[in-house]
Participant: 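Starting off with a structure, shown below.
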Amino acid sequence: MSKPSSSDPLAWWREARFGLFIHWGLYAVHGGVWKGRQLPGIGEWLMCNFKVPVGEYRTLAEQFNPVDFDAEAIAQLAQDAGMRYLVITAKHHDGFAMWDSKVSDYTIVKSTPYGRDPMKALAAACARRDITFCFYYSQALDWEHPDGVGNTWDFDETKKNFQRYLDEKVKPQLTELLTGYGPIGLIWFDTPVGITRAQSLEIRNLVKSLQPACLVSGRIGHGVGDYGSLGDNQIPAGRLVGDWETPATLNDTWGYKTGDRQWKSVDTLQRLLIDLCSKGANYLLNIGPDAQGRVPAESAQHLHEIGAWLRVQGEAVYGTQPNPYPYEFSWGRITRKANKLYVFLTDPPHAGFRLHGLRNEVRAARLLGSEGSLTVEQKHDRASDFHALSVTLPSPLPVHPHPPAVLELVLDGPAEVNEDCIQQPDGSVFLPGHMADLRISPESAARQVPVDRNSVFASEAVEFVEQTVGDHMRIGGGGLVENWRSTLDALRWSFRIDQPGCFEVRMHTVAAKYKEWVGGHRVTLQ
């Protein structure tokens, strides 16, 4: 794996594709339960959601003694899972420092019975395994500091001086993290609510002055990060342009929560990894250790199984570029690297593999982890410029050590494909929203709405500089159609049909985060 370099800071990150996120802090002490009440949301928001006074929350430090924390075991878990970088919460929104910070006594070293710096041990353990070590740092939300954003139950909002908080806490602590723990791959900033563009740039410039090769995550705000951050657990609708990452959970929470047993299956986690890689996004998958420092057994087991699969199929993940086609497939996903295509057969067809629109000559085909080559047939209709490929697959497909199998196609050069909406071998035609021609009426185009900067949590890697934004239909950052509210507006596609006939039309929608699409909506097809 390449190491962080100021000449090309993103090279190692693009190659990595898969990383480990760790949310760990004082909130693990009660595991989502406060005075007998179950926390309805995610575990690390306990202090905010229950409006726990700072003085009362600080007493959790007296109970925090993670004697079972094993930095070597956690770094080894990341390596066994096939993860190439590790991001851990140095300071989350509760303001507690999980390292030996000199800025205040509110740290794991000075305020807890544990009295040690787990970040030192983890940085060393990662270095021994060639895992890029990174920190999460909440730069805006801080419920402990009188000038930080978010704590409205202890501190008077009208008396807050956010710049003072940046100068007195954020910058000195970032300096400690970037000068005391060796090379840092990236600082994972989060939720820049209330921060100005100038302040985001102040923080970025500080990071780069201390470690020029250290990346700055997209959630620093105002589009000044080195790469874009999608929303929590967000899966984009199609191939992305640029560098992106999705932070994701193994269950429903980030910080440890005793009542959350909603573990995603290994199959689901693998499909998410494959889907994100095929669209050009890294997958940063989270674990939440408990108050003793132990990783939940389900988390460890799932990561070990993913790692066993990656040891055979990892060539199709690491260092790959996204699918050359601008749409998804019903049978699986595609990544590419140099003159190779990697076809993930998550739902393989029963009668061999067929693919339309590949213009290259296929020189060789094989299943990763298996011996021998596969039979390939290609056809090209010059009149319609229609390309068809078929590959004979063994039945049943080999499992190494479990599905999905990956088909490697060696091409005569970098992949060239027909990027139109074309009919698939099963007769279907997929018309994704991001490939549509948006027909927006003058009435819709004229609608403007004000932007409330204080409500924007930077899961969107965009720069909020205008006071208003168009309220009309548009394609959002994740490739989804947004704000389709007028019957005067329309989506229009052109597509290529190889086998004419009668078609059934199915419309697929994605509910907005935290909201449901409720009745009364109709779509007219012409």
Side-chain angles (χ1 to χ4, degrees), residues 4-14 16 19 21 85 87 89-93 132 134-142 147-150 161-179 183-232 234 236 240-247 280-282 284 451-469 476-478:
S5 166
S6 56
S7 61
D8 188 2
L10 277 160
W12 72 267
W13 183 88
R14 293 186 184 116
F21 215 172
Y85 61 113
V87 183
T89 48
K91 176 178 83 76
H92 205 268
H93 308 326
T132 302
C134 314
F135 285 121
Y136 169 111
Y137 188 91
S138 178
Q139 80 279 22
L141 288 177
D142 191 309
D147 294 316
V149 174
N161 183 335
F162 186 72
Q163 186 63 47
R164 181 168 57 200
Y165 156 71
L166 290 181
D167 294 337
E168 292 182 355
K169 186 171 185 178
V170 173
K171 293 178 183 177
Q173 288 194 332
L174 285 173
T175 300
E176 291 174 346
L177 293 172
L178 288 163
T179 56
I184 303 302
L186 66 88
I187 301 290
W188 212 97
F189 293 109
D190 199 5
T191 54
V193 58
I195 199 169
T196 67
R197 188 174 195 275
Q199 290 167 334
S200 291
L201 282 170
E202 280 183 50
I203 297 171
R204 176 189 170 85
N205 292 339
L206 173 65
V207 172
K208 298 297 183 178
S209 70
L210 296 171
Q211 290 202 31
C214 182
L215 298 178
V216 171
S217 81
R219 295 193 188 186
I220 192 172
H222 303 282
V224 304
D226 290 307
Y227 63 88
S229 178
L230 293 165
D232 295 354
Q234 183 180 2
L240 298 166
V241 176
D243 299 296
W244 294 87
E245 176 186 67
T246 287
N282 281 17
L284 186 61
V451 174
D452 179 5
R453 286 186 178 84
N454 291 324
S455 71
V456 175
F457 278 50
S459 57
E460 305 107 13
V462 294
E463 186 175 335
F464 293 94
V465 295
E466 297 180 335
Q467 294 297 324
T468 61
V469 64

Participant: Ignoring hydrogens and geometry, is there a side-chain-to-backbone donor-acceptor pair from S217 to F189 under 3.5 Å?
Facilitator: yes
Participant: What distance separates Y137 OH from T89 OG1, expressed to the nearest 0.5 Å?
Facilitator: 12.5 Å
Participant: Would you indicate whether the side-chain heavy atoms of D8 and R14 approach each other to under 4.5 Å?
Facilitator: yes
Participant: Out of curiosity, D190 CG to I220 CD1, how far, rounded to the nearest 0.5 Å?
Facilitator: 11.5 Å
Participant: Hey, what's the ring geometry for F21 with W188, parallel, tilted or perpendicular (30° and 60° as the breaks)?
Facilitator: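 The arrangement is tilted - the two ring planes meet at 30° to 60°.
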Participant: Please report the C-alpha distance between L215 and W12 in whole Å, then the side-chain angles of each, then the deciding distance to 0.1 Å, and finally whether the side chain to side chain contact (heavy atoms under 4.5 Å, CB included) criterion is met.
Facilitator: CA-CA 10 Å; L215 298 178; W12 72 267; 3.9 Å; yes
Participant: Is there side-chain contact between S209 and L206, with at least one heavy-atom pair below 4.5 Å?
Facilitator: yes
Participant: Where is the tightest heavy-atom contact between L10 and D226, given as atom of each residue plus distance?
Facilitator: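 Smallest heavy-atom distance, with atoms named: CD1-O, 3.6 Å.
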Participant: State whether the side chain of D147 and the backbone N or O of N161 hold a donor-acceptor pair below 3.5 Å, judged by distance alone.
Facilitator: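 Checked: pair present.
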Participant: How far apart are the closest heavy atoms of Y165 and L141, and which atoms are they?
Facilitator: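 The answer is OH-O, 4.2 Å.
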Participant: Within this structure, what is the CG-CD distance for the pair L166 and E202, rounded to the nearest 0.5 Å?
Facilitator: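 Between L166 CG and E202 CD, I get 6.5 Å after rounding to 0.5 Å.
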Participant: Any idea which heavy atoms bring V170 and Q139 closest together, and the distance?
Facilitator: CG2-O, 3.7 Å
Participant: Can you find a pair of side-chain heavy atoms, one from I195 and one from I203, that are under 4.5 Å apart?
Facilitator: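 In short, these two side chains touch, coming nearer than 4.5 Å.
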Participant: So does I184 get a backbone contact from the side chain of Q211, meaning a donor-acceptor N/O pair under 3.5 Å?
Facilitator: yes
Participant: Between E245 and G228 (side chain of the first, backbone of the second, donor and acceptor by atom type, cut-off under 3.5 Å), is there such a pair?
Facilitator: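 Between the backbone of G228 and the side chain of E245 there is no qualifying donor-acceptor contact (under 3.5 Å).
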Participant: Quick one: pull up OH in Y136 and CG in L186 and give me the separation to the nearest 0.5 Å.
Facilitator: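 That separation rounds to 13.0 Å.
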Participant: Dump the intermediate steps for side chain to side chain contact (heavy atoms under 4.5 Å, CB included) on H222 and L201, then the final yes or no.
Facilitator: CA-CA 9 Å; H222 303 282; L201 282 170; over 6 Å; no
Participant: Write down the atom of L210, the atom of L174, and the distance for their closest heavy-atom approach.
Facilitator: CD1-O, 4.4 Å
Participant: Does K91 reach the main-chain N or O of S138 with its side chain, forming a donor-acceptor pair under 3.5 Å?
Facilitator: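 Flag set: sc K91 to bb S138 pair under 3.5 Å.
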Participant: So, N282 side chain and W13 main chain: donor-acceptor pair closer than 3.5 Å or not?
Facilitator: yes
Participant: Which atoms form the tightest heavy-atom contact between V224 and S200, and what is the distance?
Facilitator: CG2-CB, 3.9 Å
Participant: Which atom pair, heavy atoms only, marks the closest approach of Q234 to G231?
Facilitator: OE1-N, 2.7 Å
Participant: Between I187 and L178, is there a side-chain heavy-atom distance shorter than 4.5 Å?
Facilitator: yes
Participant: Once you round to the nearest 0.5 Å, how far does OG1 of T175 lie from CD of Q173?
Facilitator: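 Separation between the atoms: 10.0 Å.
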